[in-house]
Number of protein chains: 2
Amino acid sequence: MTSKPDAAPFCVLLVDDDHDVLGANARYLRIEGFEVVVANSADVAFERLHERDVDAVITDLIMPNTPGLAFAQKLRFSHPLLPIVFFSGHASVPDVVNAMRLGAVDFLEKPIDPEVLLKTLTDLRDRYERTAVVERTAFMPDETSAGTVSFRTRVLAYEKFIIEASLEEHEGSVAKVIDALKINRRTLNEKMVRLGIRRSGDSA
Amino acid sequence: MTSKPDAAPFCVLLVDDDHDVLGANARYLRIEGFEVVVANSADVAFERLHERDVDAVITDLIMPNTPGLAFAQKLRFSHPLLPIVFFSGHASVPDVVNAMRLGAVDFLEKPIDPEVLLKTLTDLRDRYERTAVVERTAFMPDETSAGTVSFRTRVLAYEKFIIEASLEEHEGSVAKVIDALKINRRTLNEKMVRLGIRRSGDSA
DNA sequence: TAAAAATCGGCAAAAATTTGCCGACGGACG
DNA sequence: CGTCCGTCGGCAAATTTTTGCCGATTTTTA
């Protein structure tokens, strides 16, 4: 409904080889308060990704040069937790299956209903807000080497994410988290310290 | 091609409300060397699951009483890593998306091509052979854990994902993965064994 | 205000993971 | 052939993590 230009700039990377559609969607999303970066090919998309942090990627499954899946695959690797949403005109079941396997968040059908797109992104923004943070803090000390995130780092980032998410879900109740995650209290504690997780309150 | 009744008994739970189809598929799979348990409803399926350990579940998406998705959802609870394969006649994109979100391994289209089914299961067998072990050690043996997926399980699943992705990205080159993930060769090896990851090459 | 419920951290034993070293194997290549 | 390269696995030591136990504090609840 209300589209408020949030304080938190949620940045969406829109990838589509159809210039018109791309422009239209971008415009629409911008009006709705999203920050939008566009790309008309996978290559350009990667350039954009290097230039700045995006919070979600919306991409056409079928593009001239790079198949959308190959694109997603590379993306998955450099940005493990980055939400990807596909859309396509006549997607076959296997297409959808493969897309989801690559960790797609959703798969929309073309032509895209603006309402649906908006809802998808809004949900995403709400749900994945902190994920981006995790990525940013835990990943790549310097942004030069996008691909060289160590295994350990990624896993730790994920652990952190899980715990923080669960913590939030249970309104900061450690006890509930322990129960939900089936993790030893002591262990959870250790991890929180190690990963620098603080309850509800914040920095400083 | 050659289907050898393996020493390792891979047990498949086949769920379909169509008696004839169910029987036919079961027979076929048995001939191909799988151990098959059948159920014509979600309820029966759960009974079977309590009776014995199965390694994979193949289920129709649309069934009279329980919608396949609801079934999968319950299943996800009790068996977070248990591979589920769906099949359906006229699945919509959203259907597939939801199925995959619930962690479906694959989504086949009805009528099922025996060849495809067989291949799917064979791959599954190869890939998930050892995963069962992980599952067993990863979370409570008891079904008391009705609620959630344990922290450990989730992390393991993620580790598995990272490794498999990297492996795929580097066309199965362990050396490259070691370099990319900055992980000790020995460690990577251990994890692959523990998580049941096999290199691109495949079946027996 | 007292009792009950939640958190947190120190410590040390127990358990699990990681890593280095060594030898082996199969394939590609000169 | 003989070698080099990439992979694998056994073993044991080095490390890291997980857990249990105890007691101290803080927050809620009755």
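Per chain, numbering begins at 1; letters A, B, ... match sequence-line order. Just so it is clear, the model here is predicted, and its values are computed rather than measured.
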Peer 1: In whole angstrom, what separates Leu188(B)'s CG from dT17(C)'s P?
Peer 2: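 Result: 15 Å.
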Peer 1: Before accepting this row, confirm whether a basic side-chain N of the pair Glu35(A)/Arg30(A) lies closer than 4.0 Å to the acidic partner's carboxylate O.
Peer 2: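 No, no charged N to carboxylate O under 4.0 Å.
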Peer 1: Apply the test side chain to side chain contact (heavy atoms under 4.5 Å, CB included) to residues Leu14(A) and Val37(A): give CA-CA distance (whole Å), side-chain angles for both, the deciding distance (0.1 Å), then the verdict.
Peer 2: CA-CA 6 Å; Leu14(A) 209 53; Val37(A) 175; over 6 Å; no
Peer 1: Can you identify which nucleotide, out of dC22(C), dG6(D), dT19(D), has its nearest atom closest to the Arg185(B) side chain?
Peer 2: dC22(C)
Peer 1: Looking at Arg152(A), I'd like to know whether one of its side-chain N or O atoms comes within less than 4.0 Å of OP1 or OP2 on dT17(D).
Peer 2: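 For dT17(D), OP1/OP2 do have a side-chain N/O of Arg152(A) under 4.0 Å.
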Peer 1: Going by the side-chain contact (heavy atoms from CB on, under 4.5 Å) test, name the single residue among Thr187(A), Ile162(A), Val177(A) that passes it with Phe151(B).
Peer 2: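 The side-chain contact (heavy atoms from CB on, under 4.5 Å) with Phe151(B) is passed solely by Ile162(A) among Thr187(A), Ile162(A), Val177(A).
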Peer 1: Expressed in angstrom and rounded to an integer, what is the separation of Glu171(A) atom CD from dT27(D) atom P?
Peer 2: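 Atom CD in Glu171(A) sits about 18 Å away from atom P in dT27(D).
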Peer 1: Just the rounded figure in Å: distance from P of dT19(D) to CD1 of Ile178(A).
Peer 2: 11 Å
Peer 1: It should be established whether Thr187(B) places a side-chain nitrogen or oxygen under 4.0 Å from OP1 or OP2 of nucleotide dT17(C).
Peer 2: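 Checking Thr187(B) against dT17(C): no side-chain N or O falls below 4.0 Å of OP1 or OP2.
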Peer 1: dT7(D) P sits how many Å from Met192(B) CE, rounded?
Peer 2: 10 Å
Peer 1: Do the charged groups of Glu190(B) and Arg186(B) touch, with an N to O distance under 4.0 Å?
Peer 2: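 Yes, Glu190(B) and Arg186(B) are salt-bridged.
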Peer 1: Taking the side chain of Arg194(A) as its heavy atoms from C-beta onward, which of dT17(D), dG6(D), dT18(C) lies nearest to it?
Peer 2: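 Among the listed nucleotides, the one closest to the side chain of Arg194(A) is dT17(D).
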Peer 1: Within this structure, what is the CG-to-P distance between Asn184(A) and dC8(C), rounded to whole angstrom?
Peer 2: 14 Å
Peer 1: Where the side chain of Asn189(A) is concerned, which of dG20(D), dG9(C), dG9(D) is the nearest nucleotide?
Peer 2: dG9(C)
Peer 1: Taking for each residue the nucleotide of DNA chain D bearing the nearest heavy atom, is the 5' side occupied by Val174(B) or by Arg186(B)?
Peer 2: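 Here Val174(B) is the residue nearer the 5' end.
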Peer 1: Give a yes or no on this: more than 12 heavy atoms of other residues, nucleotides or ligands lie within 6.0 Å of atom CZ of Arg152(A).
Peer 2: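 No, not enclosed.
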Peer 1: Look at Lys176(B) and dG6(D) and indicate whether a side-chain polar atom (N or O) is within less than 4.0 Å of OP1 or OP2.
Peer 2: no
Peer 1: Please report, rounded to the nearest Å, how far the C1' atom of dG20(D) is from the CD1 atom of Ile183(A).
Peer 2: 15 Å
Peer 1: Return the value, rounded to whole Å, for the distance between atom CD of Glu190(B) and atom P of dT16(D).
Peer 2: 17 Å
